[in-house]
Amino acid sequence: MDKPLFETKIVNKNGVDGVAYVNTSEGLRVVTSSPLSDAPGTNPEELFGLAMTTCLNATIQSLLKARGFANESKVESTIQLKREPSGVGFFFDVKLFASINDFDFKEAEQIIASAEKRCPVSKLTQGAETLEIHTVPYS
């Protein structure tokens, strides 16, 4: 197996009510709380949205740069926590909206579709029935 380019270890001992952290001396620590409470902290919905939008936009930027473009791009997300139709369990309903500033819309669609196939986080979710990626005009 190839040597990884990067490795990290994340620890969560308390679920959504506690602290999750990167397991290093200088690692990021975040207070977690249920999205259904008023308690301070972040939650899996927000953390997933941050991971997905950051990774997808970084991949879009990489593809633009490889093609000689320096256009700005943006990815926004809406993450909803929903109950399963059976009433048992939950799922995320994820909608991503990606755009490239001052770029032909059809070409933007092609780059964003290519980024979706290459983004490491997106690769984890490919085929997910509750995730959609849309190309939208830049605003």
Side-chain angles (χ1 to χ4, degrees):
M1 189 158 241
D2 293 322
K3 182 179 177 187
L5 298 173
F6 176 77
E7 179 178 302
T8 189
K9 294 182 181 181
I10 311 300
V11 178
N12 179 302
K13 295 180 183 177
N14 307 108
V16 293
D17 295 311
V19 175
Y21 58 93
V22 177
N23 198 17
T24 63
S25 62
E26 299 292 320
L28 174 70
R29 297 186 181 297
V30 294
V31 174
T32 57
S33 64
S34 169
L36 305 178
S37 79
D38 292 332
T42 191
N43 53 61
E45 294 79 4
E46 293 169 341
L47 294 169
F48 179 77
L50 286 167
M52 189 71 208
T53 58
T54 301
C55 189
L56 184 61
N57 198 34
T59 306
I60 292 167
Q61 284 289 304
S62 177
L63 291 173
L64 286 169
K65 184 178 179 182
R67 289 165 174 78
F69 296 105
N71 301 61
E72 290 182 6
S73 60
K74 178 171 58 174
V75 179
E76 297 178 316
S77 65
T78 301
I79 316 290
Q80 296 178 334
L81 176 65
K82 294 185 175 180
R83 187 170 293 284
E84 291 287 350
S86 67
V88 178
F90 303 91
F91 69 94
F92 292 167
D93 187 13
V94 178
K95 294 190 178 31
L96 296 152
F97 305 93
S99 58
I100 302 172
N101 193 27
D102 292 327
F103 214 74
D104 177 77
F105 191 81
K106 289 290 183 196
E107 289 181 51
E109 284 182 316
Q110 292 172 347
I111 287 178
I112 291 165
S114 183
E116 179 182 3
K117 292 176 185 165
R118 291 185 164 112
C119 165
V121 176
S122 183
K123 286 179 182 181
L124 292 171
T125 62
Q126 285 178 357
E129 294 178 12
T130 62
L131 185 140
E132 300 172 9
I133 298 177
H134 302 277
T135 302
V136 297
Y138 191 91
S139 60

Worksheet item: Side-chain contact, heavy-atom cut-off 4.5 Å: L64 with I111?
Response: yes
Worksheet entry | Worked verdict on E72 versus S99 for side-chain contact (heavy atoms from CB on, under 4.5 Å) | CA-CA 9 Å; E72 290 182 6; S99 58; over 6 Å; no
Worksheet entry | Any donor-acceptor pair under 3.5 Å from T125 side chain to A128 backbone | no
Worksheet item: Does E84 reach the side chain of F90, with side-chain heavy atoms less than 4.5 Å apart?
Response: no
Discussion item. Let me confirm one number: the CZ-CD distance from R67 to Q110, rounded to the nearest 0.5 Å.
Written reply: 9.0 Å
Practice prompt. Could you state whether I10 and V30 fall into the same hydrophobic cluster, counting links through intermediate Ile, Leu, Val, Met, Phe, Trp or Tyr residues with side-chain heavy atoms under 4.5 angstrom apart?
Written response: yes
Response to the item:
Of all heavy-atom pairs linking P85 and F91, the shortest is CD-CE2, 4.5 Å
Discussion item. Measuring from atom NZ of K95 to atom OG1 of T130, what distance do you get when rounded to the nearest 0.5 angstrom?
Written reply: 8.5 Å
Practice prompt. Please say whether the positively charged group of K82, taken as NZ for Lys or CZ for Arg, lies over the ring of F92, i.e. under 6.0 angstrom from the six-membered ring centre and within 45 degrees of the axis.
Written response: no
Worksheet item: Distance-only, no hydrogens or angles: does the S122 side chain make a donor-acceptor pair with backbone N or O of E116 under 3.5 Å?
Response: yes
Discussion item. When you compare the side chain of K9 with that of V22, does any pair of heavy atoms fall below 4.5 Å?
Written reply: no
Practice prompt. Can you measure from CG (D93) to CG (L81) and round to the nearest 0.5 angstrom?
Written response: 10.0 Å
Practice prompt. Give a yes or no answer on whether the side chain of S77 reaches the backbone of I79 with a donor-acceptor pair at less than 3.5 Å.
Written response: no
Worksheet item: Will you find, in the side chains of S73 and N57, an N or O donor that is under 3.5 Å from an N or O acceptor?
Response: yes
Worksheet item: Looking at side-chain heavy atoms only, is the closest gap between F48 and L131 below 4.5 Å?
Response: yes
Worksheet item: So, do T78 and V94 sit near enough that their side-chain heavy atoms are less than 4.5 Å apart?
Response: no
Discussion item. Measuring only between side-chain heavy atoms, which start at C-beta, is Y21 closer than 4.5 Å to K13?
Written reply: yes
Fill in: Check: N71 side chain, D102 main-chain N or O, donor-acceptor pair, under 3.5 Å
yes
Worksheet item: Are any non-hydrogen side-chain atoms of T32 and N14 less than 4.5 angstrom apart?
Response: no
Worksheet item: Atom SG of C119 and atom CD1 of I60: how far apart are they, to the nearest 0.5 Å?
Response: 8.5 Å
Fill in: Non-hydrogen side-chain atoms of Q126 and K117 separated by less than 4.5 Å
yes
Worksheet item: side-chain contact (heavy atoms from CB on, under 4.5 Å) between V121 and L56: does it pass, once the steps are laid out?
Response: CA-CA 8 Å; V121 176; L56 184 61; over 6 Å; no
Item to complete: Starting at CG of L63, measure out to CZ of R118 and round the result to the nearest 0.5 Å.
Response: 5.5 Å
Worksheet, complete the sentence: Between V75 and A98, the two heavy atoms sitting closest are CG2-CB, 4.0 Å
Fill in: Side chain T54, main chain L50, donor-acceptor under 3.5 Å
yes
Discussion item. Using a 3.5 Å distance criterion without hydrogens, assess whether the side chain of S62 forms a donor-acceptor pair with backbone atoms of A58.
Written reply: no
Worksheet item: Under a 4.5 Å side-chain heavy-atom rule over Ile, Leu, Val, Met, Phe, Trp and Tyr, are Y138 and L96 clustered together?
Response: no
Worksheet item: Atom CD of E109 and atom CD1 of I133: how far apart are they, to the nearest 0.5 Å?
Response: 13.0 Å
